[in-house]
Amino acid sequence: MSLRVQYARPLNVDQTVALLGELSSGAVIIAGGQELMPFINYGRVSPSVLVDISGLKDLQNIETSDDGLSIGALTVHRDIQINPLINEIAPLLAHAALQIGGGRQVHNQGTIGGNIVAMHPLYDIIPALLVLDAEIEITSQQGSRIVSMADLINESNHKMGTHAVLTRVLIGNSPAGQGWGYEKLKITDGCYGSANAAATVCLAEDGQVQSVRLAIGAVTEKILNLSEDLATFLPASPDADLDSRIAGIVESAVEQPLSDQQGHGEYRRAMAGVVARKAFHQALDMARQDMALRERM
Amino acid sequence: MSEIHEILEETAFLQCKVNGVSFEEEIHPSMSLLDLLREELKLTGTHMGCMTGHCGACTVSVDGRIIKSCITPAASVQRKKVITIEGLAGADDSLHPVQEAFCEASGFQCGYCAPGMVFSTVELLNEHPDPSDAQIRKALTGNLCRCTGYQSIVRSVRQAANQKTASGDHSE
């Protein structure tokens, strides 16, 4: 713990951003603490000002509209796992939240907003949000702006600066018949993945693969968003040729693989292709089942 | 200086309940809940392990959900109810049924991981009174044990579940 830390517990988002707007770069937002507290405990981070937003009720709700889901940034992983609206509209996100490491204790305290702003390559939420084409609401004193998850990961350190706060996660309704998959290669249940893949698949009426969205985590410093790379050879037949194309695109996109406790670099690159194909096939199977169901009706 | 700066304080004012007892004090803003429990309240049953959220020895319950107190800011339990391993036992110091099952099935060896194992079991059995082996192992993933090899812990959870089902007690 640093000796002198100033502390504020703002009452709402307006007060939060008004305060952040006035403070210098030493101010840090804290909510669940699951990302920040280990760094504080070991003296790796010593904020001069802590802005505690953990009590902001308006960032803890989950709402739906005709456009889809709006998830408050302080929603904890456990609520994302069990919320009926999320399970109906974005089951992939509920599933990804179940894959988060650290056990139930972390699921009960960690927030979706904290998970995103950490921008950690090993975390499970961002790959899911990328393939769901999610948008992020960022609020500052100047007002709120909406940024796509895909744009956010392209910005260095999410480019939110120290004057803004991530307020909501927005997920549109999925196209009818879309299948999804999530594959995490891990040594034990509660640990980080060595390679993570999230995928969605839409089929055309003739069974051709019309669109694939794919994101790869835990393999490179920056989570890979490969949806556009895959679009170049779609529509295509769901055959072995498509499988090897997907694996090929993934492996060649991995320029500098991570090498750490989760495995060495070349292994991670090879496994990236494997988890990509597995997630794709989960999504493909689900889309096919959905199509078969609709044909019977 | 604008008015907004007036909400900045040198300390965090914390009001909460720990094991049913009211706590009201100014605390250091970046103090962990673990330090509050062990250093201020001398509730040393909550163990300090890794301080990174990996081992689970510091597990407590906040408003009925288990969390890792070493990576939870003490200031964030404002107006919440904290139960530590000391508060899990009955008022007459009788053990919680899950603690009894762990004693009977040798779930404790050195006992360092005990708070996390016991609290994780309590939360599991509240949701799944008759869990599968897979559910038991999944429920324990937030906790590290360096003695038992986990087999006796899984047996202890099973024993606690059997006793709970037999007694028809599905409350906490």
Side-chain angles (χ1 to χ4, degrees), chain A residues 1-11 14-23 27-28 30-43 45-55 76 78-79 82 98 100-110 141 186 188-191, chain B residues 1-14 26-35 48 50-56 58-80 116 119-120 123-124 127 134 137-144:
Chain A
M1 282 191 292
S2 61
L3 289 176
R4 195 166 167 278
V5 184
Q6 284 194 302
Y7 176 82
R9 194 183 268 144
L11 299 173
D14 286 349
Q15 216 177 47
T16 305
V17 295
L19 180 63
L20 291 172
E22 301 267 317
L23 293 170
V28 171
I30 191 162
Q34 306 299 278
E35 183 69 20
L36 194 56
M37 286 302 284
F39 290 106
I40 290 178
N41 288 341
Y42 280 90
V45 172
S46 299
S48 57
V49 182
L50 278 173
V51 180
D52 180 0
I53 61 169
S54 62
V76 297
R78 181 63 186 152
D79 287 333
I82 60 177
L98 273 169
I100 291 170
R104 173 62 70 85
Q105 296 99 315
V106 171
H107 297 175
N108 282 339
Q109 177 74 10
Q141 234 176 337
K186 56 192 174 182
T188 66
D189 210 336
C191 74
Chain B
M1 293 280 265
S2 75
E3 287 172 13
I4 193 71
H5 276 90
E6 288 168 16
I7 68 169
L8 281 174
E9 306 278 355
E10 300 297 319
T11 54
F13 179 63
L14 175 64
E26 298 286 346
I27 60 165
H28 191 283
S30 58
M31 174 185 263
S32 67
L33 180 57
L34 175 76
D35 281 347
M48 185 187 110
C50 61
M51 296 303 281
T52 57
H54 284 86
C55 77
C58 66
T59 300
V60 300
S61 161
V62 175
D63 279 0
R65 283 181 167 190
I66 58 170
I67 56 104
K68 292 178 176 177
S69 65
C70 77
I71 54 168
T72 296
S76 75
V77 300
Q78 177 75 334
R79 298 200 186 89
K80 294 186 176 176
F119 269 113
S120 296
E123 187 149 318
L124 169 71
E127 292 165 16
R137 287 172 185 279
K138 184 112 188 156
L140 300 176
T141 52
N143 306 284
L144 296 177

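The sequence lines fix the lettering, A, B, ..., with proteins before strands; numbering per chain opens at 1.
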Please state whether the side chain, the backbone, both or neither of A:L23 comes within less than 4.5 Å of a heavy atom of chain B.
side chain

Name the residue from A:R9, A:Q6, A:Q15 that meets the side-chain contact (heavy atoms from CB on, under 4.5 Å) definition with B:I7.
A:Q15

What part of A:L19 is in contact with chain B, defined as an atom under 4.5 angstrom from a non-hydrogen atom: side chain, backbone, both or neither?
both

Which region of A:V51, side chain (C-beta onward) or backbone (N, CA, C, O), has a non-hydrogen atom less than 4.5 Å from a non-hydrogen atom of chain B, or is it both or neither?
neither

Among B:A139, B:A75, B:G53, B:S120, the residue with the most heavy-atom pairs under 4.5 Å to chain A is B:A75

Within residues 100-110 of chain A or reaching into it, pairs that qualify as side-chain hydrogen bond (donor to acceptor under 3.5 Å, both in side chains) - sequence neighbours excluded:
A:Q81-A:H107, A:R104-B:E123, A:R104-B:E127, A:Q105-B:T59, A:Q105-B:N143, A:N108-B:E123

Tell me which of these, B:T52, B:I66, B:V60, B:T141, has more heavy-atom pairs under 4.5 Å with chain A than the rest.
B:I66

Segment of A:I53 engaging chain B (4.5 angstrom heavy-atom cut-off):
neither

Answer with side chain, backbone, both or neither: which region of A:F39 has an atom nearer than 4.5 Å to a non-hydrogen atom of chain B?
neither

Quick check: closest heavy atoms across A:G32 and B:P73, and the distance to 0.1 Å?
O-CD, 3.5 Å

For B:R137, is there any backbone N or O sitting under 3.5 Å from a side-chain donor or acceptor partner on A:D189?
no

Under a 3.5 Å distance rule, please check whether A:Q34 uses its side chain to pair with a backbone N or O of B:I71 as donor and acceptor.
yes

What heavy-atom pair brings A:N41 and B:S32 nearest, and what distance separates the two atoms?
OD1-CB, 4.4 Å

Who passes salt bridge (charged side-chain N to carboxylate O under 4.0 Å, His left out) against B:D63, sequence neighbours left out?
none

Please report the interatomic distance CE(B:M31) to OH(A:Y7), rounded to the nearest 0.5 Å.
13.0 Å

If we only count heavy atoms from C-beta on, is the B:R65 to A:V76 side-chain gap below 4.5 Å?
yes

Under 4.5 Å from any heavy atom of chain A - which part of B:C55
neither

Passes side-chain contact (heavy atoms from CB on, under 4.5 Å), A:M37 versus B:T72? Steps please.
CA-CA 7 Å; A:M37 286 302 284; B:T72 296; over 6 Å; no

Rounded to the nearest 0.5 Å, how far apart are CG of A:L36 and OG of B:S30?
9.0 Å

Specify which of A:G33, A:G55, A:G110 makes the most heavy-atom pairs with chain B at under 4.5 Å.
A:G33

